[in-house]
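These numbers come from a predicted model, not from an experiment.
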Amino acid sequence: MSTLKERLDELGALKRSAREGPDPAATDRQHAKGKLTAYERIALLLDPGSFHETEALRRHRATGFGLEARRPYSDGVVTGWGTVHGRTVFVYAHDFRVFGGALGEAHAAKIHKVMDLAEAAGAPLVSLNDGAGARIQEGVTALAGYGGIFRRNTRSSGVIPQLSVMLGPCAGGAAYSPALTDFVFMVRDSSQMFITGPDVVRAVTAEDITQDGLGGADVHAGRSGVAHFAYDDEESCLEDVRFLLSLLPSNNRELAPVVPTDDPVGRRGDALLDIVPADPGHSYDIRQVAEEIVDDGEYVEVQPSWAPNIVCLLARLDGHTVGVVANQPAAMAGVLDIDASEKAARFVQFCDAFNIPLVTLVDVPGFLPGVDQEHNGIIRRGAKLLYAYCNATVPRISLVLRKAYGGAYIVMDSRSIGADIALAWPTNEIAVMGAEGAANVIFRREIAASHDPEGVRQQRIKEYRSQLMHPYFAAERGLVDDVIDPRDTRSALIGALAMLRAKHADLPARKHGNPPQ
């Protein structure tokens, strides 16, 4: 009979085997591609020494097609939990060295288990994806494994933060799990996502394209909107995953952690007077405004390369996490279009699900006109942003910096759709449309009949602006709570958020809403 020491030695050897993989050369091949192993990635993600692995000795039970002779420990996925900045985080990481990270029955069962644990413990889940899809030798049981993952992704949506980190290939149905999560990170040159690969595309459509050209990091970060962040290397990617987690609550029953700051509440933003031109026709970078307002000028920008005409940020004000939605005058004059509406809508929904207050910075000329926009559904897709704001019960503060015209003003969290506090700078212009357009519509007959049409037009523009677009018109009617000095924006926002911190709002009883698709 084996002694306890012998059993312990055997256990240690088995666990080493799982960590090292069945073939030492596989680790070298992974490194040669510029990629880390599953354990190395987990070590970068979690606090040192905090990882607790689950089911390290799990092996598949499949037979046939050569699998009975290949039963490596871990079955191609590493699962467990640890801490990030001292808070519990669950993780699973595909091990490409084992079956190319392909998912089989045992592999899927390990993922299901850690997903269930994350939900039960109320802690974030991070998936480190580097797999070749379903394990073909296991047939439909592999597909059923993906179904279990998708069901759990959906059940945990809005309950715990779910982050997908793409560090290798992700093809076919496997791509739907990241798409169901809150944030998707990708690494250039090594990660790709697509439903059908280049070979199938070539066979069906005769289009010739590379894997990166079809589903690389820059494609999904800048064109499809599938990825929220793109990086040049795994190390910087995982560092930002850690930073993002530090801004988020562990679950939907908690608030995000409060981080003490030396940035004074009453710090005045003198630079704001120079950053934002008074002329509504001149552009500027709204991110510079955010830097002047938030703690220490630090923030995470979500999907910076997609729909750049709207900016979505996670930052802190007086140590408390806030979500910032802002029109970007430096891109398409900050107009709202299909992509911007969808981008902002999902961000608003995320913040509302996880108790993150919303600050909306408004400088919007309207919705983008055009046949393309109308035919591609700007009505239903723009309504997604409207629905998201109207449905949100977290503290909501809107601030009009300059122009706010038409339906776009309403959609950008105006008082009429439920903003708790509505503020404006003295440079605000809130109206149905710009003065020029309004005068052309209202006085078109008078202008056409005049001997000096341009002179009459300019006069009417001036009258319309002075009567209906002056900075205090909305405040006089209670649609703006206060017109503030731009330099006091930080303290005004912090004060309003402190007042709203205990806000409680209930929606009518219902199974769920039916948002526009």
Side-chain angles (χ1 to χ4, degrees), residues 179 195 205 207 219-228 280-281 283 286 302-312 325-350 358 360-392 398 400-419 429-445 447-448 457 461 464 468-469 479 513-517:
I195 299 301
T205 70
E207 296 172 286
V219 169
H220 286 310
R223 296 190 63 182
S224 73
V226 171
H228 299 78
S283 70
I286 194 68
V302 177
Q303 294 178 301
S305 302
W306 185 58
N309 42 319
I310 203 158
V311 169
C312 299
V325 179
N327 306 112
Q328 175 57 291
M332 300 169 60
V335 71
L336 282 178
D337 63 355
I338 286 170
D339 288 346
S341 299
E342 293 198 333
K343 170 181 172 179
R346 194 158 193 273
F347 182 74
V348 168
Q349 288 173 174
F350 173 82
L358 287 160
T360 304
L361 305 179
V362 186
D363 191 347
V364 61
F367 281 94
L368 180 65
V371 174
D372 247 12
Q373 290 288 304
E374 298 293 346
H375 286 187
N376 285 306
I378 185 62
I379 295 173
R380 65 178 174 84
R381 295 161 86 173
K384 292 183 182 183
L385 180 54
L386 181 61
Y387 187 99
Y389 269 126
C390 290
N391 203 47
S398 66
V400 179
L401 280 61
R402 296 192 309 182
K403 56 191 178 296
Y405 298 155
Y409 155 66
I410 300 172
V411 169
M412 289 295 294
D413 204 20
S414 63
R415 162 60 61 76
S416 61
I417 67 168
E429 289 186 356
I430 305 174
V432 175
M433 62 177 66
E436 292 81 359
N440 289 337
V441 172
I442 298 171
F443 305 108
R444 63 184 182 280
R445 292 181 181 175
I447 293 170
R457 193 174 78 87
I461 290 172
Y464 186 88
L468 296 179
M469 294 179 65
L479 297 174
N514 185 25
Q517 296 299 322

query: CD/Q303 to CG/D339 distance, rounded to the nearest 0.5 angstrom?
result: 9.5 Å
message: I want to check something: taking the side chain as every heavy atom from C-beta on, are L336 and I310 in contact at a cut-off of under 4.5 Å?
response: yes
Neighbour count >12 (heavy atoms, 6.0 Å) for atom CG, D372: no
task: Rounded to the nearest 0.5 Å, what's the gap from CZ on F347 to CG on L358? Could you check?
output: 7.0 Å
- prompt: Can you list the steps and then say if E342 with L385 is a side chain to side chain contact (heavy atoms under 4.5 Å, CB included)?
  reply: CA-CA 7 Å; E342 293 198 333; L385 180 54; over 6 Å; no
Check: H228 and P304 side chains under 4.5 Å, non-hydrogen atoms: no
task: Over all heavy atoms of both residues, which pair between V362 and M412 is shortest? Give the atoms and the distance, please.
output: CG2-O, 3.7 Å
message: Looking at I379, I want to see if its CD1 is surrounded by more than 12 non-hydrogen atoms of other residues, nucleotides or ligands under 6.0 Å.
response: no
- prompt: Heavy-atom distance under 4.5 Å between the side chains of V364 and K403, does that happen here?
  reply: no
field: Closest approach of P329 to I286 (non-hydrogen atoms, all atoms of both residues)
entry: CD-CB, 4.2 Å
query: Does the side chain of L386 reach to within under 4.5 Å of the side chain of I417, using non-hydrogen atoms?
result: yes
- prompt: Can you check side chain to side chain contact (heavy atoms under 4.5 Å, CB included) on L368 and I378, steps first, answer last?
  reply: CA-CA 9 Å; L368 180 65; I378 185 62; over 6 Å; no
- line: Minimal heavy-atom distance between N327 and D363, with the atoms involved, is OD1-N, 3.0 Å
For the student: nearest non-hydrogen atoms of S341 and F367, plus distance: OG-CE2, 4.0 Å
statement: Residues V325 and A344: closest non-hydrogen pair is CG1-CB, 4.1 Å
- prompt: Would you say the side chains of T360 and Y389 form a donor-acceptor pair under 3.5 Å?
  reply: yes
message: Quick check: closest heavy atoms across R415 and A419, and the distance to 0.1 Å?
response: NE-O, 3.4 Å
query: With a 4.5 Å limit on heavy-atom distance, are the side chains of K343 and W306 in contact?
result: yes
- prompt: Is R380 atom CZ crowded by more than 12 heavy atoms from other residues, nucleotides or ligands, each under 6.0 Å away?
  reply: yes
field: Note, Y409 side chain near L479 side chain (heavy atom, < 4.5 Å)
entry: yes
field: pair E429-P280: side-chain heavy atoms closer than 4.5 Å
entry: yes
query: Taking side chain as C-beta onward, heavy atoms only, is Q349 less than 4.5 Å from N391?
result: no
message: Working to the nearest 0.5 angstrom, can you tell me the gap between K384 NZ and I338 CD1?
response: 9.5 Å
task: State whether the side chain of R346 and the backbone N or O of A388 hold a donor-acceptor pair below 3.5 Å, judged by distance alone.
output: no
